[in-house]
Undergrad: 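Here it is, the structure, as structure tokens.
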Protein chains: 2
Amino acid sequence: MARLPEYLRALHNLAESGHETVSSEGLSAAAGVNSAKLRKDLSHLGSYGTRGVGYDVALLIEQIEFVLGLTQRRAVALVGVGNLGHALAGYDGFASRGFRIAALLDADPSRVGEEINGLVVRHVDDLPTVAAEESLAIGVIATPAAAAQQVADQLVAVGVTSILNFAPCVLSVPEGVDVRKVDLAIELQILSFHEHRKASLTALPATGGSALTALPGGFATTDTQEAIGT
Amino acid sequence: MARLPEYLRALHNLAESGHETVSSEGLSAAAGVNSAKLRKDLSHLGSYGTRGVGYDVALLIEQIEFVLGLTQRRAVALVGVGNLGHALAGYDGFASRGFRIAALLDADPSRVGEEINGLVVRHVDDLPTVAAEESLAIGVIATPAAAAQQVADQLVAVGVTSILNFAPCVLSVPEGVDVRKVDLAIELQILSFHEHRKASLTALPATGGSALTALPGGFATTDTQEAIGT
DNA sequence: AGGCGCTTGTGAAGACGTGCACAAATCGCG
DNA sequence: CGCGATTTGTGCACGTCTTCACAAGCGCCT
Ligand SMILES: NC(=O)c1ccc[n+]([C@@H]2O[C@H](COP(=O)([O-])OP(=O)(O)OC[C@H]3O[C@@H](n4cnc5c(N)ncnc54)[C@H](O)[C@@H]3O)[C@@H](O)[C@H]2O)c1
Ligand SMILES: NC(=O)c1ccc[n+]([C@@H]2O[C@H](COP(=O)([O-])OP(=O)(O)OC[C@H]3O[C@@H](n4cnc5c(N)ncnc54)[C@H](O)[C@@H]3O)[C@@H](O)[C@H]2O)c1
């Protein structure tokens with residue numbers, strides 16, 4: 001499930017604050033999900049809690065990390081060291097969550113040789129050499145959309161089977177290669193949609209509402225996080 | 001639906017390349033989804049295509065932009081001008097997709113006053129003043145996780161009802177406020193999970209496989225993009 | 001004008017995810 | 001040792017999303 005990483009983060013927080021066991025209720029609150037859902041997820045992965053007590057935090061962390069394949073630290077290749085690439089290269093949140101940036105690559109000759117966070121930017125054509133040095137598990141694409149497909153092909157060619165794509169475009173890859181996309185503009189547009197919906201709901205009941213303004217309204221967006229708290 | 005922005009991007013690409021009409025088949029390929037799903041989505045929003053021909057690209061763009069509430073350019077406040085915040089502030093992809101970064105805010109006095117992309121960084125405590133100057137629609141949080149909740153509260157206090165959160169933590173907000181989260185580490189962990197699954201699938205059939213290695217495998221991750229093309 | 005090919009819109013079936021509610025299990029305490 | 005409090009694991013029902021398949025509609029060509 002896609003919620004496992006969320007649980008993992010919550011568990012790490014709990015472990016740091018000294019908890020040894022957690023109830024499904026407590027953990028679900030920390031992760032922002034329904035407690036029944038969490039129990040089903042956890043049971044689904046075969047993990048055992050003890051009834052009347054809860055889950056052993058350390059054991060559960062170990063279990064989830066195993067299922068996520070985080071027992072080995074995976075090597076990440078970052079292609080496109082521009083605006084966004086710089087921020088990613090300097091981010092310490094990857095190292096602390098089981099990943100290691102193994103290489104920075106760019107096509108711009110003026111960027112090659114630059115050192116960021118102790119890593120030297122290499123030319124993207126050196127990718128085969130880099131891949132030979134160590135086994136790359138994941139490729140991150142932070143190039144303009146126009147170059148993304150070509151970079152993806154290069155990554156696949158050297159044996160990368162998982163790609164995280166920041167460029168706003170659809171990549172076509174052979175079967176067996178997984179692609180996940182992060183598009184900030186899409187996130188903003190979804191929020192914009194909610195704004196628009198909220199505005200219509202408060203405005204319409206007063207006015208009659210034109211035919212055009214009468215949008216269905218009953219739309220479902222894959223909610224990342226719904227309203228919680230008071 | 002959360003797919004509308006994806007359609008919109010594909011439509012803009014098609015419009016630039018001179019197409020006047022698109023079939024559901026063509027558009028679905030460009031957006032990377034099933035054609036039946038696309039037709040249902042489009043019909044769901046009341047938009048009319050003409051049978052035997054397809055959809056009018058310009059009209060459809062207009063329709064979707066209306067539903068998403070992009071007819072008005074929305075003002076975005078970016079809080080936390082650090083590593084990631086810099087990249088976001090310098091990104092031109094927001095402006096071209098209907099958004100306008102209206103303010104850059106940070107708590108660090110040494111950052112206040114800095115100019116990025118023609119915008120001056122202001123102190124986060126000036127938020128009420130900024131909100132008074134122009135109506136903020138969306139707040140983006142790019143601060144460390146420890147500060148995120150406090151910033152969210154400040155944003156809500158000045159009337160922001162949509163928040164995009166980059167900090168790896170769960171925000172608690174009053175009802176009526178929408179929160180979307182982007183967590184890169186989670187994306188990487190999901191890819192890691194797929195790597196692990198793929199590795200198990202190719203290794204297991206040969207060896208007997210220990211009890212621990214026998215993970216269910218039939219997991220479902222909310223697929224951003226599945227394998228397409230040959 | 002009529003037929004033919006193409007494309008949309010949608011009904012229905014199936015898969016899937018979600019949440020309730022409760023039985024089974026475990027611990028602590030008298 | 002037994003009982004109650006507590007918490008897990010799960011059967012079940014419900015709503016949603018997905019996909020197939022096909023009828024209805026439109027334009028074009030003859
Ligand atoms: N900056 C942001 O905040 C932001 C936000 C969302 C999405 N994005 C997307 O991320 C991508 C990168 O954005 P950016 O702002 O960093 O752009 P950028 O122009 O600053 O950086 C792009 C980098 O990619 C390199 N590059 C170009 N072609 C290449 C190739 N074939 N192989 C290797 N490297 C190549 C360039 O030399 C450059 O260094 C874009 O697709 C953008 O739409 C950026
Ligand atoms: N850099 C990345 O690539 C990246 C990737 C994924 C997630 N993130 C997350 O994004 C967030 C920011 O990352 P970063 O690398 O830019 O960190 P950073 O430390 O470089 O920047 C954080 C900024 O927030 C400011 N800040 C701190 N407290 C504040 C407050 N109360 N109000 C306003 N501003 C405040 C700081 O002054 C600083 O400028 C973090 O939560 C991080 O986990 C970053």
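Every value quoted in this text rests on a predicted model; they were computed, and no experiment measured them. To find a chain, count down the sequence lines: A is the first, B the second, and so on, and within it residues start at 1.
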Undergrad: Expressed as a whole number of angstroms, how long is the span from K37(A):NZ to dT8(D):C1'?
TA: 18 Å

Undergrad: Give the minimum heavy-atom separation between L78(B) and A142(B), together with the two atoms involved.
TA: CD1-CB, 4.3 Å

Undergrad: Provide, to the nearest angstrom, the distance between the CG atom belonging to L38(B) and the P atom belonging to dC17(D).
TA: 16 Å

Undergrad: Looking at E6(A) and R3(A), does any basic side-chain N land under 4.0 Å from a carboxylate oxygen?
TA: no

Undergrad: Return the value, rounded to whole Å, for the distance between atom CE of M1(A) and atom P of dG19(C).
TA: 12 Å

Undergrad: Hey, are S17(A) and H19(A) close enough side-chain-wise for a donor-acceptor pair under 3.5 Å?
TA: yes

Undergrad: Can you see which heavy atom on L68(B) is nearest to which on S192(A), and at what distance?
TA: O-OG, 2.7 Å

Undergrad: Any donor-acceptor pair under 3.5 Å linking the side-chain atoms of D41(A) with those of Y7(A)?
TA: yes

Undergrad: Starting from P on dG9(C), measure out to OH on Y48(B) and report it in whole angstrom.
TA: 8 Å

Undergrad: Distance check needed: dT8(C) P versus L45(B) CG, whole Å only.
TA: 15 Å

Undergrad: Between the protein and nucleotides 2-7 of chain C, are there any N/O to N/O pairs under 3.5 Å, and if so, what are the atom names and distances?
TA:
unit_1, atom_1, unit_2, atom_2, d
dT7(C), O4', G52(B), N, 3.0

Undergrad: Please find the pair of heavy atoms, one from A137(B) and one from R74(B), that lie closest to each other, and give the distance.
TA: CB-CB, 4.0 Å

Undergrad: Got L171(B) and K181(B) here, is their nearest side-chain heavy-atom distance under 4.5 Å?
TA: no

Undergrad: Using a heavy-atom cut-off of 4.0 Å across all strands, would you classify T21(B) as base, sugar-phosphate, or nothing?
TA: nothing

Undergrad: It should be established whether R3(A) places a side-chain nitrogen or oxygen under 4.0 Å from OP1 or OP2 of nucleotide dT18(C).
TA: yes

Undergrad: Counting only side-chain nitrogens and oxygens, does N34(B) get under 4.0 Å of the OP1 or OP2 atom of dC20(D)?
TA: yes

Undergrad: In residues 6-20 of chain A, which residues come under 4.0 Å of DNA chain D by heavy atom?
TA: none

Undergrad: Within this structure, what is the CG-to-C1' distance between D41(A) and dG17(C), rounded to whole angstrom?
TA: 10 Å

Undergrad: Between atom CG in L59(B) and atom C1' in dT8(C), what is the gap in whole Å?
TA: 15 Å

Undergrad: Would you kindly say whether T71(B) and E65(B) are connected by a side-chain donor-acceptor distance under 3.5 Å?
TA: no

Undergrad: On a plain distance test, is the side chain of K40(B) in donor-acceptor contact with the base of dG9(C) below 3.5 Å?
TA: no

Undergrad: How many whole angstroms separate atom CZ of R39(B) from atom C1' of dA21(D)?
TA: 10 Å

Undergrad: Taking only Lys NZ, Arg NE, NH1 and NH2, and the carboxylate oxygens of Asp or Glu, determine whether R97(A) and D92(A) approach each other closer than 4.0 Å.
TA: no

